[in-house]
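By convention here, the first residue in the shown sequence is residue 1. Every heavy atom of this structure was used, including side-chain atoms; hydrogens, water molecules and symmetry mates were not.
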Amino acid sequence: MSEALQSLLDLLDLERIEEDIYRGRSRSAVVPRVFGGQVAAQAMVAAGRTVPEDRHAHSLHAYFLRPGDPGAPIVYNVDRLRDGRSFTTRRVVAGQHGKPIFTLSASFQTYEEGLDHQAPMPPAPDPATLPTGEERLRSYPHLPADTVERFLETRAAVDLRYVDDPPYGDFGTPREPHSQVWFRTNGKLADDPLLHVVLATYVSDMTLLDSVLLAHGRGGWAVGDVVGASLDHAMWFHRPFRADEWLLYDQQSPSASGGRGLGQARIHTQDGRLAVSVVQEGVVRVPREH
C-alpha cells in the first residue's frame with residue numbers, strides 16, 4: 001500500500017466521541033476549503049459504523065451546506081432513523097464552529113435475490129494504455145507549478161487516468177459534455193465492502209462536473225475561468241465492486257442553467273458490470289469582470 005493511500009485511510013478513520021457521534025480531521029484541497037468527497041466519505045464511515053455488518057450501502061443522498069474549514073475538526077452526528085427487517089436508514093449531520101456544513105442520508109440493505117439487468121458498459125480504452133495523472137498534469141505548460149503539485153498531492157492515493165484531456169488541459173473551445181476516467185486506489189484495500197463504497201464516494205466528487213466545463217470550453221478552478229462548488233450528491237450502489245481494481249467513471253452533463261451545472265455518471269467494473277450510478281449538481285459561475 002502506498003504511503004498516500006495509508007494517509008487517506010487514516011484520514012477517513014474517524015474518532016468515536018460517544019455513541020453515534022464521531023470526529024474527523026481534514027487536510028488541504030486544491031481549493032481553499034475541505035474537499036467535498038472527503039466529507040461525504042467520512043459521513044459514510046460514520047453512518048456505516050452504526051449498521052450491522054450484513055447490511056451493505058445501496059444509496060446515499062447528500063447536501064453541501066457550507067464550505068468546510070480545513071483547519072478545524074468536523075463532528076459527525078448520526079441519527080438512527082430506521083432499522084427494518086431488510087433496510088436500515090441513517091442520517092448524518094456534519095458540523096463545524098457550531099453550524100452544519102453537510103447532511104447525508106444513507107440506506108443499507110441485507111442481500112437478496114431479485115430481477116437483474118443493466119445498461120451496457122460504454123466503449124473505453126484499456127487504462128494501461130493511458131497516461132498517468134502525473135504524466136498528463138506535467139504535460140500542460142500553461143498550468144502553474146504550484147497548481148500541478150497541489151493536484152498531485154491531493155490525488156496521490158488514487159491512480160486516476162483521463163481517457164481524453166481534462167477541462168484544464170484543453171480549454172477555450174466547447175467540446176462534447178462527456179468525460180471518462182479510469183480510477184483505482186494506489187494499493188490494495190481490506191475486504192470490507194463499506195471501505196470500497198467509502199473510497200468510491202471520495203473519488204466520485206473529483207471529476208463529475210468536468211463534463212459541465214467541457215460543454216462551455218472552460219478550464220475550471222485549476223485555471224480560474226469559473227468558480228464553483230458541489231451543491232448536492234447522490235449515489236446508488238448496484239453491485240459489489242472493489243475500489244482497488246480499475247473502475248470506469250463515465251460522466252456527462254445534460255444541463256447547465258441558473259449558475260448551476262448537472263453531472264450524471266455510471267461506474268463500471270473493468271469486466272463490464274454496472275456498479276454505481278452518480279448524480280451531482282454544483283454551482284458553476286463565470287467570474288465577473290471588474
Undergrad: Would you sort out whether Asp232 and Arg260 count as a salt bridge (charged side-chain N to carboxylate O under 4.0 Å, His left out), showing the intermediate values?
TA: CA-CA 11 Å; Asp232 54 15; Arg260 307 182 314 276; over 6 Å; no
Undergrad: Using side-chain heavy atoms (C-beta onward) and a distance below 4.5 Å, is Pro127 in contact with Gln270?
TA: yes
Undergrad: Would you say the side-chain atoms of Arg136 pair up with the backbone N or O of Tyr162, donor to acceptor, closer than 3.5 Å?
TA: yes
Undergrad: For the pair His233 and Gln280, evaluate side-chain hydrogen bond (donor to acceptor under 3.5 Å, both in side chains) and give the outcome as yes or no after the intermediate values.
TA: CA-CA 4 Å; His233 195 87; Gln280 181 183 88; 2.7 Å; yes
Undergrad: Kindly indicate whether the side chain of Leu208, heavy atoms from C-beta on, has any atom under 4.5 Å from the side chain of Tyr249.
TA: yes
Undergrad: Could you tell me whether Arg161 atom CZ has more than 12 heavy atoms of other residues or ligands within 6.0 Å of it?
TA: yes
Undergrad: Counting only heavy atoms not in Arg285, do more than 12 sit closer than 6.0 Å to its CZ atom?
TA: no
Undergrad: Quick check on Glu153: does its CD atom have over 12 non-hydrogen neighbours (other residues, nucleotides or ligands) under 6.0 Å away?
TA: no
Undergrad: Do we see a donor-acceptor contact under 3.5 Å between the side chains of Arg55 and Thr88?
TA: yes
Undergrad: Should Leu194 and Leu12 be regarded as members of a common hydrophobic cluster, given that ILVMFWY residues are connected when their side-chain heavy atoms come within less than 4.5 Å of each other, either directly or indirectly?
TA: yes
Undergrad: Before you tell me yes or no, could you show the steps for Asp164 and Gln180 under side-chain hydrogen bond (donor to acceptor under 3.5 Å, both in side chains), namely the whole-Å CA-CA distance, both residues' side-chain angles and the distance that decides it to 0.1 Å?
TA: CA-CA 7 Å; Asp164 296 306; Gln180 289 182 323; over 6 Å; no
Undergrad: ring-ring contact (aromatic ring centres under 6.0 Å, His included) between Trp236 and His61: does it pass, once the steps are laid out?
TA: CA-CA 9 Å; Trp236 293 264; His61 300 263; 5.2 Å; yes
Undergrad: Aromatic contact between Tyr111 and His58, with the criterion being ring centroids under 6.0 Å apart: yes or no?
TA: no
Undergrad: Start with the C-alpha gap between Glu245 and Thr269, add the side-chain angles, then the distance that decides, and say whether side-chain hydrogen bond (donor to acceptor under 3.5 Å, both in side chains) holds.
TA: CA-CA 8 Å; Glu245 297 177 354; Thr269 62; over 6 Å; no
Undergrad: Look at the side chain of Ser7 and the backbone N and O of Glu3, then say whether any donor-acceptor pair between them is shorter than 3.5 Å.
TA: no
Undergrad: Under the ring-ring contact (aromatic ring centres under 6.0 Å, His included) criterion, do His142 and Phe171 qualify, and how do the steps go?
TA: CA-CA 11 Å; His142 59 274; Phe171 55 94; 5.4 Å; yes
Undergrad: When you compare the side chains of Asp69 and His97, does any donor N or O come within less than 3.5 Å of an acceptor on the partner?
TA: yes
Undergrad: Centres of the Phe151 and Tyr168 rings: under 6.0 Å?
TA: yes
Undergrad: Hey, is OH on Tyr63 packed in by over 12 heavy atoms from elsewhere, all under 6.0 Å?
TA: no
Undergrad: Could you tell me if Arg90 and Ser105 have a donor-acceptor pair between their side chains, going purely by distance under 3.5 Å?
TA: no
Undergrad: Any sub-3.5 Å donor-acceptor pair from Gln38's side-chain atoms to Arg25's backbone N or O?
TA: yes
Undergrad: Can you find a side-chain donor-acceptor pair between Asp165 and Tyr140 that sits under 3.5 Å?
TA: yes
